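Here the structure is laid out as structure tokens; the discussion comes afterwards.
All of these numbers come straight from a predicted model, not from anything done at the bench.
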Amino acid sequence: MSETVVTRFAPSPTGFLHIGGGRTALFNWLYARRFGGKMLLRIEDTDRERSTQAAIDAIIDGLTWLGIEWDGDTVYQFSRSARHREVAEQLLAAGKAYRCYASPQELTEMREAARREGRSKLYDGRWRDRDPSEAPTGVQPVIRLKAPQTGETIVDDQVQGRVTWQNENLDDFVLLRSDGTPTYMLAVVVDDHDMGITHIIRGDDHFNNGARQTQIYQALDWKVPVMAHIPLIHGPDGSKLSKRHGALGVDAYRAMGYLPAAMRNYLVRLGWSHGDQEIFSTEEMIAAFDLPQIGRSPARFDFAKLESLNGHYIRQTAEADLLAEIEQLLPHLAGGAELKAKLSPGVRSRLLAAMPGLKERAKTLVELIDSAGFLFADRPIALDDKAKAVMTDEARALIKAVLPDLEAVEPWSAAGAEQAVRTFAERAGVKLGAIAQPLRTALTGRVTSPGIFDVLTVLGKAESVARLRDQAGNPAG
RNA sequence: GCUCCCUUCGUCUAGCGGUCUAGGACGCGGCCCUCUCAAGGCUGAAACACGGGUUCGAUUCCCGUAGGGAGCGCCA
């Protein structure tokens with residue numbers, strides 16, 4: 001009878017939800033879903049100095065945006081400190097832990113001396129076997145685990161394999177601080193146990209902690225959960241992921257115009273694979289995800305691939321959904337508010353009509369919004385530098401010459417406009433491109449845009465003609 | 001310094017002793033399509049870190065070397 005899978009995501013609220021945390025959460029979520037289990041969320045806020053409500057909000061927002069849902073109530077670790085203390089006392093009573101009266105200064109000196117002499121910086125166990133009567137008065141002790149000094153501690157990790165530590169290389173670490181609050185090491189074990197966690201999937205940076213935590217489980221005679229330590233994500237140059245590289249909050253990725261589905265797809269393929277498959281719907285990820293396919297080497301973060309994936313998902317998304325995404329994104333963008341104000345029903349329907357041509361060309365939502373700028377620009381249309389170079393005297397002359405043909409198109413349609421322009425080009429003895437580029441420039445102010453006949457259609461006859469007249473040099477009317 | 005981990009194209013990866021003249025994807029080059037830019041199609045360049053073993057046979061197993069990473073707090 002196999003037990004139900006229970007995973008957890010346990011971030012410390014000392015900053016935003018970064019990309020590595022997002023992936024860890026995704027893996028936990030996928031694993032739980034795959035095996036019909038649950039994923040719990042625990043906020044590790046035992047560091048009162050650095051934990052903030054803003055960080056908690058950012059983490060929850062980030063997970064929500066990524067589409068990762070957790071089960072049950074969020075557990076706040078700090079609220080469980082009485083229980084943590086209780087377990088520390090229990091260990092003390094059982095002789096599995098002891099009080100250490102060494103002061104922080106004393107320990108610093110110990111480590112410095114160890115370093116000078118080329119010895120290990122581990123705690124030397126100076127209070128391990130001392131008689132309690134020797135305790136100095138007026139000093140609040142910490143409680144340390146009485147860890148085994150011989151033998152070995154084994155972590156049978158699902159990703160890293162079976163790894164063995166010689167116990168002499170592990171020390172008597174602190175369980176309870178002198179102020180009576182638990183350390184991370186103790187709190188994690190107690191909470192994971194009490195919450196019924198069966199699988200711990202977390203970053204590789206916790207791998208060494210895995211051995212220490214195993215010792216706590218053993219001292220308590222509790223069952224050690226299955227562990228899976230996933231490799232960290234590195235920057236493009238292979239070094240630690242820094243802010244400059246992409247160690248941004250997931251909210252930053254939203255602001256850059258990435259879609260949650262693209263983000264999930266990119267993240268799931270960072271360190272995990274399923275044969276040659278690159279594109280995964282959420283259902284496919286859940287169906288295929290498992291621990292053995294997680295690689296053991298760190299992956300570098302690559303914006304180019306993320307962009308490519310994002311472009312794919314943008315193209316896959318229905319026009320109306322894209323419009324909704326854009327409207328949700330606007331408040332997160334600089335200058336988004338003014339743009340939002342311009343979204344009248346008329347502009348929205350224009351945007352919707354132009355969307356097929358727009359989404360084909362955009363790698364991010366921000367690019368999409370930018371390329372849609374001509375739809376709500378005011379006349380006369382401002383030309384960018386490349387557009388100015390196109391707008392030569394000949395170009396103006398061509399626009400002026402084709403205008404009457406365009407004005408004669410009735411009813412206004414892409415097909416009608418196309419026929420008029422093609423016929424004109426033939427008559428004038430110029431290639432279609434020679435007339436299309438000036439038209440595009442006059443209509444959009446840019447040298448790239450969706451197909452010119454689509455632009456004409458979306459803008460409508462009156463607006464198109466007016467914009468063309470602006471550039472042809474003829475004042476309207 | 002000590003402990004632990006990692007090493008296939010520039011990047012993400014497939015590969016779990018012979019099927020590898022090493023596959024896919026992103027990126028890059030070329031061609032096609034074409035009103036621009038994309039998208040799409042075709043195509044090209046591009047990798048098993050190095051040195052020893054084990055084996056009839058190593059990208060795959062073992063040991064070194066080099067390089068990279070993580071940890072060594074009364075932080076998490």
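- Following rounding to the nearest Å, A:Glu112 (CD) and B:G73 (C1') show an atom-to-atom distance of 13 Å.
- Between A:Ser178 and B:C74 there is no side-chain N or O to OP1 or OP2 distance below 4.0 Å.
- Rounded to whole angstrom, the span from the CG atom of A:Leu309 across to the C1' atom of B:U13 amounts to 14 Å.
- At most 12 heavy atoms of other shown residues, nucleotides or ligands fall within 6.0 angstrom of atom CD in A:Glu49.
- The same atom, P, is picked in B:U8 and in B:C61; the two are 13 Å apart, to the nearest Å.
- The residue among A:Ala10 and A:Arg111 whose nearest nucleotide of RNA chain B is located toward the 5' end is A:Arg111.
- Across the protein-nucleic acid pair, A:Tyr266 atom OH and B:C12 atom C1' stand 7 Å apart, rounded to whole Å.
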Just the atom pairs and distances: protein N or O near nucleotides 64-70 of chain B's N or O, under 3.5 Å.
none

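- Taking atom C1' on both nucleotides, B:G27 is separated from B:A70 by 29 Å, rounded to a whole Å.
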Show me the side-chain donor-acceptor pairs of residues 292-302 of chain A shorter than 3.5 Å, one per line, residues at least two apart or across chains.
| unit_1 | atom_1 | unit_2 | atom_2 | d |
| --- | --- | --- | --- | --- |
| A:Arg296 | NH1 | A:Gln160 | O | 3.2 |
| A:Arg300 | NH1 | A:Pro236 | O | 3.2 |
| A:Asp302 | OD1 | A:Ala304 | N | 3.2 |

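- Between B:A66 and B:G51, the two P atoms lie 15 Å apart (nearest whole Å).
- When the shell of 6.0 Å around CD of A:Glu407 is examined, it contains more than 12 heavy atoms from other residues, nucleotides or ligands.
- With both ends at atom C1', the span from B:C37 to B:A22 equals 36 Å, rounded to whole Å.
- If you check every strand for non-hydrogen atoms under 4.0 Å, A:Arg202 touches nothing.
- For the OP1/OP2 pair of B:C5 and a distance below 4.0 Å, the side-chain nitrogens and oxygens of A:Arg296 include no atom meeting the criterion.
- No more than 12 heavy atoms of other residues, nucleotides or ligands sit less than 6.0 Å from atom CZ of A:Arg115.
- Ring centers of A:Trp272 and A:Phe289: under 6.0 Å apart, within the cut-off.
- Among the protein residues, A:Gly271 comes within range of the sugar-phosphate backbone only, with heavy atoms under 4.0 Å from sugar or phosphate atoms but none that close to a base.
- For A:Arg440 and A:Gln437, the side-chain atoms include at least one donor-acceptor pair closer than 3.5 Å.
- Pairing for B:A25 is with B:U11, a Watson-Crick or G-U wobble pair whose two hydrogen-bonding atom distances lie under 3.5 Å.
- The closest donor-acceptor contact from the side chain of A:Arg422 to the backbone of A:Leu432 lies at 3.5 Å or more, if one exists at all.
- Atom name P, nucleotides B:A38 and B:C26: the rounded distance is 15 Å, in whole Å.
- In this entry the distance linking CZ of A:Phe173 with P of B:A76 reads 13 Å, nearest Å.
- Between the CE atom of A:Met185 and the C1' atom of B:C72 there is a distance of 10 Å, given to the nearest Å.
- For the pair A:Arg144 and B:C74, the criterion of a side-chain N or O lying under 4.0 Å from OP1 or OP2 is met.
- Screening A:Arg202, A:Arg80, A:Arg8 against A:Asp192 for a salt bridge (charged side-chain N to carboxylate O under 4.0 Å, His left out) leaves a single residue, A:Arg8.
- Residue contacts for A:Asn209: at a heavy-atom cut-off of 4.0 Å it reaches a base atom on one of the strands shown.
- Rounded to whole Å, the P atom of B:C42 lies 50 Å from the corresponding atom of B:C4.
- If you check B:A14, B:U11, B:U3 against the side chain of A:Arg300, the one that comes closest is B:U11.
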Criterion side chain to side chain contact (heavy atoms under 4.5 Å, CB included) on A:Leu398 and A:Phe424, from CA distance to verdict: CA-CA 10 Å; A:Leu398 276 171; A:Phe424 169 84; 4.0 Å; yes

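- Rounded to the nearest Å, the gap between the P atom of B:A14 and that of B:G24 is 15 Å.
- A donor-acceptor pair under 3.5 Å is formed between the side chain of A:Asp45 and the backbone N or O of A:Phe78.
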Report, as a single string ordered 5' to 3', how protein heavy atoms within less than 4.0 Å touch nucleotides 20-40 of chain B: B base, S sugar-phosphate only, - not at all. ---BBBS--------BBBBSS

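- The nucleotide B:G18 finds its pairing partner in B:C56, both defining distances of the Watson-Crick or G-U wobble pair being shorter than 3.5 Å.
- Among the protein residues, A:Ala102 comes within range of the nucleic acid bases, having at least one heavy atom under 4.0 Å from a base atom.
- Within a 6.0 Å radius of CZ in A:Arg48, other residues, nucleotides and ligands contribute more than 12 heavy atoms.
- In this structure, A:Val163 reaches the sugar-phosphate backbone alone: every heavy-atom distance under 4.0 Å involves primed, P, OP1 or OP2 atoms, never a base.
- The nearest whole Å value for the distance from the CD atom in A:Glu307 to the P atom in B:U11 is 19 Å.
- Counting any heavy atom pair closer than 4.0 Å across all strands shown, A:Thr46 reaches sugar-phosphate atoms only and no base atom.
- Taking for each of A:Thr164 and A:Tyr123 the nucleotide of RNA chain B with the nearest heavy atom, the 5'-most of the two is the partner of A:Thr164.
- Atom pair A:Arg212:CZ and B:A76:P shows a separation of 14 Å (rounding to whole Å applied).
- Across all strands shown, B:G67 forms a Watson-Crick or G-U wobble pair, both distances under 3.5 Å, with B:C6.
- With both pairing distances under 3.5 Å, B:A45 is matched to nothing as a Watson-Crick or G-U wobble pair.
- A side-chain donor from one of A:His84 and A:Asp191 sits under 3.5 Å from a side-chain acceptor of the other.
- Between the CZ atom of A:Arg119 and the C1' atom of B:U3 there is a distance of 16 Å, rounded to whole Å.
- Nucleotides B:A25 and B:A46 place their C1' atoms 14 Å apart, quoted to the nearest Å.
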